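Here is how names work: the chains are called A, B, and so on, in the same order as the sequence lines, proteins then strands, and each is numbered from 1. Computed from a predicted structure; not experimentally measured.
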Amino acid sequence: MSYNHQHIEKKWQQRWEAAKIFQAKDSGGKKFYCLIEFPYPSGAGLHIGHPRSYTALDVMARKRRMQGMNVLYPIGWDAFGLPTENYAIKTGRKPQEVTIENIATFKRQLQSLGLSFDWSREVNTTDSAYYKWTQWMFLQFFKAGLAYKAKQPINWCLSCKIGLANEEVVNGKCERCGGDTEKREKEQWMIAITKYADRLLEDLDTVDYLEKIKTQQRNWIGKSEGVEIGFEVPLLAKEGSGEVLKIFTTRADTIFGATFLVISPELAKKWIDVGWHASDTVRNYVQESLGRAEMDRTNAEREKTGVDTGVLAINPANQKEIPIWVADYVLGNYGTGAIMAVPQHDERDRAFAMKFGLPIVDEPLVPVDEVIKKVGGKKTVKYKLRDWVFSRQRYWGEPIPLVWCEEHTWVAVPDAQLPVVLPDVDKYEPTDSGESPLASIGSFVNTTCPTCGGPAKRETDTMPNWAGSSWYFLRYIDPKNDRAFADPDKLKHWMPVDLYNGGNEHTTLHLLYSRFWNKFLFDQGHVPTSEPYARRHSHGLVLASDGTKMSKSKGNVVNPDEIVSEYGADALRMYILFMGPFEEPVPWSLNGLIGVRRFLDRVVRYVEGWKEQYVKHSEEHDELVAPYLEKVSTDIEAFKFNTAVSSFMSLFKELTAEVVDRQNPEVFIPPYVSDSMMKKILISLCPFAPHVANECWEMIGEKGFVEEQPWPELSRSLLVRESVEIGVQISGKTRGTIHLSPNATQQEAIEILNLGRPINTPTAHIGTEHSNIWKHLDGKTIVKIIYVPGRILNIVVK
RNA sequence: GGCCGGAUGGCGGAAUUGGUAGACGCGCGGGACUCAAAAUCCCGUAUGGGCAACCAUGUGAGGGUUCGAUUCCCUCUCUGGCCACCA
């Protein structure tokens with residue numbers, strides 16, 4: 001017999017909704033803010049991987065509620081972005097419409113899983129009532145001088161026709177579409193995240209993130225401490241580029257081994273621009289390097305290239321003349337764009353020196369402080385982290401709320417005029433020129449200057465989709481507020497997020513951006529905590545059954561709708577938790593899912609049998625149950641959902657194994673537990689399989705929702721075992737077992753084996769309980785006995 | 001090249017962090033029920049030997065520490081992820 005999942009899941013979902021039992025209260029109680037990364041509602045619908053994170057935190061949220069906490073577990077939509085825009089262009093529709101449809105699909109799919117989200121707080125980044133505040137926050141950056149416009153080379157995706165942040169370029173390819181990128185000069189809005197580099201780094205010590213997440217953030221920020229040292233360049237002095245070339249090094253102690261300098265092509269270009277008479281070879285090399293795609297340039301495997309500039313510098317340590325080369329292995333946007341090359345100590349410099357026949361010399365190492373004393377130089381700190389390119393030349397994003405006035409340059413749109421609404425138009429294709437599509441909409445562009453009232457033009461770039469996701473956790477706290485992004489008292493009540501779970505792919509970008517964003521708001525006095533997330537966990541991917549990534553093109557995508565309709569939400573929820581360790585990638589298995597469904601059927605059958613049984617209040621089997629429920633509880637806390645599920649399975653394996661009925665010895669019945677233990681089982685099961693748990697709850701005659709019950713406390717008397725089985729080893733090899741109290745003494749353990757009894761022949765013990773142990777003791781002398789109560793008895797013999 | 005992780009039956013994975021390796025699930029083999037099938041239930045299932053009791057081997061490879069090692073140390077192989085010419 002199999003329960004009717006379609007019927008019961010619909011029934012309980014409707015009841016939960018009607019009773020509003022998952023709505024968070026903005027005051028009172030011990031709060032627990034539990035956050036999942038809100039999904040991007042793509043046209044493909046929910047991915048089977050989404051429920052992994054959502055179900056795990058759903059278990060956590062449900063447990064916390066039953067533990068009496070006031071839980072906020074919200075959901076929303078990160079809906080701006082390229083895939084939707086591209087899809088809309090392809091199908092000749094509007095992104096607005098497509099987004100509405102996609103959200104509806106996602107919402108239906110998520111609701112079918114019985115997740116305990118507080119749907120009354122749903123947010124949508126593309127809603128003007130939401131992005132009004134995204135724009136407002138951008139203006140706070142602008143007013144604080146942290147948003148600035150800069151002409152600089154950006155990564156341009158040839159296929160998406162969009163400027164990308166450094167973080168969005170992967171091996172020279174666009175992170176979104178995998179297409180080629182090239183460098184282009186473009187005026188971009190930038191946000192000075194690097195001003196927060198130190199705090200983003202240091203404050204990692206104050207939060208509870210998985211260690212690997214902290215390490216990744218640290219590496220991404222890439223702080224390195226070194227020294228800037230000036231090398232005199234007599235020729236440059238003549239040609240007007242300044243007479244000193246500054247280099248950055250973390251190994252100032254090796255300066256005596258610096259046999260040449262290398263400048264980046266970018267720096268060479270600057271020299272040329274200010275009048276340096278470079279040779280044609282140099283000019284050609286520089287031009288070629290700068291046009292080269294990022295991928296070629298930053299490939300470490302590639303053989304080094306470079307040319308001699310013919311310019312000489314003086315090593316301040318020993319006054320020797322050394323040549324300056326230009327080579328593209330030196331990056332223009334890190335350090336000073338120039339290095340001192342020490343082939344003796346640096347692998348890259350050595351490779352370069354070997355290739356071009358430059359001298360490699362052994363040298364004395366001199367402590368950094370002495371070097372600085374001798375040659376000058378300034379201790380400095382450099383970061384790999386770059387400022388955040390905040391402009392996108394696309395339609396489907398938040399308009400940047402600034403106005404250009406000839407008189408007053410960039411002027412912020414006044415708060416009262418926010419939001420600057422994205423115009424609803426038919427034509428919004430990106431342009432090859434790199435201009436935002438909004439630039440061609442006259443009614444949008446032409447406006448008046450908020451300062452002087454004169455004619456002015458709006459900024460036409462839009463924000464990256466990291467913008468809306470950088471602060472959504474704040475909006476959940478007060479989603480309908482139209483006077484502020486959230487009420488300060490409510491923020492104080494809920495912040496920080498107590499538990500944030502998401503994918504590893506967001507460890508460097510989203511996590512860093514949103515920490516930065518929150519820190520800035522904190523500095524401005526708008527949020528109560530410096531760090532937004534007290535604790536961060538991550539989950540592994542759900543792979544296809546062959547162990548590869550699921551992808552449409554490979555046709556190995558699992559559709560959650562089909563799973564829910566055929567096997568039920570509870571089976572999906574429990575299977576996805578059961579399939580493997582939460583943080584590891586795990587392949588999908590339909591058979592595994594079917595196994596979980598069988599387990600749920602077994603649960604329902606047991607409860608049905610239990611209900612019809614005349615003996616209900618016997619507690620004789622309760623102690624069987626307690627350790628399993630205890631394990632479920634501790635496993636949830638440790639994010640070990642897979643073993644929590646197997647604990648339930650083990651429990652029901654025991655509960656459905658038939659035993660002799662003591663009152664009626666001819667009859668075999670399962671070990672039916674007491675009323676109160678039955679309830680505890682269902683309460684513990686509820687976070688995992690809420691529909692089944694509630695259905696069983698009703699079946700046994702209880703009223704209301706399981707969710708309204710307190711989380712079970714298991715009395716110690718039920719958890720303490722009277723007798724345990726431990727292994728008996730002879731010289732480290734297990735030869736048998738004995739049963740004894742977990743705190744029995746060594747003397748008692750030995751007495752069980754009757755070791756005092758003389759041994760004549762091994763055969764004398766055949767048939768006795770411990771004959772095998774005796775057999776291995778025969779003829780040997782006991783050297784040592786190791787006894788660990790409740791664990792092991794090891795008799796070492798000679 | 002850097003950082004972080006892995007490697008355990010036919011498969012996904014357990015193992016109280018040094019204490020009976022293989023829990024739980026899948027798959028497979030056998031049986032019960034059935035006219036039959038499905039569903040369900042029971043038994044078995046690391047490998048080799050043995051009817052069995054048991055014995056030997058066994059957690060990527062090789063060493064080491066220990067009464068005892070999947071767990072700790074050293075050397076090596078393979079492998080996943082992220083970053084990558086960052087001075």
Would you mind telling me which of rU20(B), rC83(B), rC67(B) lies closest to the side-chain atoms of T737(A)?
-> rU20(B)
Contacts under 3.5 Å, N or O only, protein and nucleotides 51-54 of chain B:
residue: rC54(B); atom: O3'; partner: N772(A); partner atom: OD1; Å: 3.4

Which residue pairs pass the salt bridge (Lys or Arg N to Asp or Glu O under 4.0 Å) test when at least one of the two sits in residues 731-748 of chain A, sequence neighbours left out?
-> none
With a 3.5 Å cut-off and no angle check, do the side chains of H539(A) and N501(A) form a donor-acceptor pair?
-> yes
Nearest listed nucleotide, side chain of K733(A), among rC3(B), rU57(B), rC67(B) | rU57(B)
Dot-bracket for RNA chain B, 5' to 3', with Watson-Crick and G-U pairs under 3.5 Å, [ ] for crossing pairs and | for other-strand pairs: what is it?
-> (((((((..(((......[....)))((((((.......))))))((((....))))..(((((..]....))))))))))))....
Do NZ/NE/NH1/NH2 and the carboxylate oxygens of K355(A) and E303(A) come within less than 4.0 Å?
-> yes
Establish, with yes or no, whether the OP1 or OP2 oxygen of rC24(B) is under 4.0 angstrom from a side-chain nitrogen or oxygen of S647(A).
-> no
Do R386(A) and Y334(A) meet the cation-pi criteria used here (NZ or CZ under 6.0 Å from the six-membered ring centre, within 45° of the axis)?
-> no
Nearest-0.5 Å distance that lies between atom CZ in R597(A) and atom CG in D601(A) = 4.5 Å
Does R791(A) place a side-chain N or O at less than 4.0 Å from the phosphate oxygens OP1/OP2 of rA15(B)?
-> no
Which nucleotide in the set rA87(B), rG12(B), rC67(B) lies at the smallest distance from any side-chain heavy atom of I786(A)?
-> rC67(B)
Taking the side chain of W220(A) as heavy atoms from C-beta outward, which of rC83(B), rG12(B), rU40(B) is closest to it?
-> rC83(B)
